[in-house]
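First the structure, in the form of structure tokens, and then the observations on it.
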Amino acid sequence: MKYWLLKSEPDSFNIEDLKNSPGQSTLWEGVRNYQARNYLLAMKKNDLAFFYYSNCKEPAIVGITEVIAEAIADATQFDPRSKYFDPKATIEKPRWFNPRIKFIQTFKKSVPRGVLKEVLPDMLLLSKTRLSVQPVQKHEWIQIQRLAGVKNAK
DNA sequence: GCCAACGTTGGC
DNA sequence: GCCAACGTTGGC
């Protein structure tokens, strides 16, 4: 099983929005960066992902989601009215794929970027500023849950 | 709101 | 294929 981190701007889609979605799940659409794309393709069912708030007052990891379906062709790439439309993508050869992720929990105590800098200074999140999907190491995963005060961590 | 980092585009 | 120009991300 692998661990991931997904960035979202809380003004556009936050973890409450995910919780309130049908089935408490959503397709992770709209990523148009090749490195992130490769990570999205590598996200497999049962993998877990942190939900991170970017571009906001207090950037932080706020909760946990689980991958429940993998590598679904991103519908927005075929839609000329979508801002994510990709004229080079075809139904036969899609270029962009989504995992479906499900809400697991919102941390009672979110873990701010500032704390991550102190405790886990080597995290990819702190150096790869523009990568919206990233892998998380197991020891980082465990440590962050501890910082968030999660009991029965997995 | 500023601006550094960095990915993408397009002319040559 | 290089690289300047440009656009976006995202912390601060």
Side-chain angles (χ1 to χ4, degrees), chain A residues 2-21 25-43 47-67 70-137 139-150:
Chain A
K2 290 207 170 71
Y3 302 100
W4 306 96
L5 178 145
L6 298 170
K7 291 187 194 175
S8 186
E9 299 188 13
D11 288 343
S12 51
F13 190 80
N14 60 43
I15 198 160
E16 289 304 306
D17 296 327
L18 176 63
K19 194 178 175 181
N20 295 328
S21 297
S25 83
T26 192
L27 288 167
W28 205 253
E29 289 181 327
V31 172
R32 293 295 180 270
N33 167 289
Y34 273 96
Q35 204 178 350
R37 180 193 103 126
N38 294 336
Y39 287 134
L40 284 179
L41 274 171
M43 291 175 74
D47 285 358
L48 296 172
F50 285 136
F51 201 103
Y52 176 80
Y53 285 172
S54 67
N55 204 11
C56 58
K57 211 166 190 177
E58 186 175 60
I61 295 175
V62 299
I64 295 177
T65 68
E66 180 182 347
V67 179
E70 54 197 58
I72 299 158
D74 187 323
T76 61
Q77 70 191 307
F78 308 124
D79 179 0
R81 288 160 306 176
S82 168
K83 67 169 176 171
Y84 300 120
F85 177 62
D86 184 343
K88 290 184 184 141
T90 62
I91 300 282
E92 297 73 30
K93 276 209 155 190
R95 300 174 96 196
W96 308 100
F97 298 87
N98 311 143
R100 179 173 283 279
I101 60 153
K102 185 177 190 301
F103 173 83
I104 298 292
Q105 67 167 301
T106 303
F107 293 150
K108 290 200 180 69
K109 205 168 61 167
S110 61
V111 182
R113 185 180 179 85
V115 171
L116 296 172
K117 275 188 178 172
E118 285 171 28
V119 180
L120 293 165
D122 295 330
M123 263 190 98
L124 214 51
L125 178 69
L126 304 173
S127 52
K128 282 281 180 183
T129 52
R130 300 184 52 181
L131 189 56
S132 65
V133 181
Q134 7 190 301
V136 171
Q137 303 299 316
H139 78 271
E140 295 167 343
W141 184 270
I142 291 164
Q143 180 78 12
I144 289 162
Q145 285 187 111
R146 200 174 291 144
L147 292 167
V150 175

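Numbered from 1 within each chain, the chains take letters A, B, ... in sequence-line order. All of these numbers come straight from a predicted model, not from anything done at the bench.
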Rounded distance in Å - CZ (A/R32) to P (C/dT8) | 15 Å
Between A/L6 (CG) and C/dG10 (P), how many Å, whole number?
-> 12 Å
Nearest-nucleotide 5' precedence on DNA chain B, A/K88 against A/N55 | A/N55
Using atom NZ of A/K117 as one end and atom C1' of C/dG10 as the other, report the distance to the nearest whole Å.
-> 12 Å
Under 4.0 Å: is that the gap between some side-chain N or O of A/Y52 and OP1 or OP2 of C/dT9?
-> no
Tell me: CG of A/N33 to C1' of B/dT9, nearest whole Å?
-> 15 Å
What integer distance in Å separates A/K128:NZ from B/dG7:P?
-> 5 Å
Does A/D74 pair with A/R37 as a salt bridge, N-O distance under 4.0 Å?
-> no
Are A/D79 and A/R81 ion-paired here, with the side-chain N under 4.0 Å from a carboxylate O?
-> yes
Classify the ring geometry between A/F50 and A/F107 as parallel (under 30°), tilted (30 to 60°) or perpendicular (over 60°).
-> perpendicular
Give the rounded distance in Å between these two atoms: CG of A/L5 and C1' of C/dG10.
-> 14 Å
Would you check, one step at a time, whether the test side-chain contact (heavy atoms from CB on, under 4.5 Å) holds for A/F13 with A/T26?
-> CA-CA 11 Å; A/F13 190 80; A/T26 192; 4.0 Å; yes
Rounded distance in Å - CD (A/Q35) to C1' (B/dT8) = 14 Å
Contact under 4.0 Å: A/K7 side-chain N or O vs C/dT9 OP1/OP2 = no
Expressed in angstrom and rounded to an integer, what is the separation of A/L125 atom CG from C/dC12 atom P?
-> 10 Å
Report yes if at least one side-chain N or O of A/R113 is closer than 4.0 Å to OP1 or OP2 of C/dG10; otherwise report no.
-> no
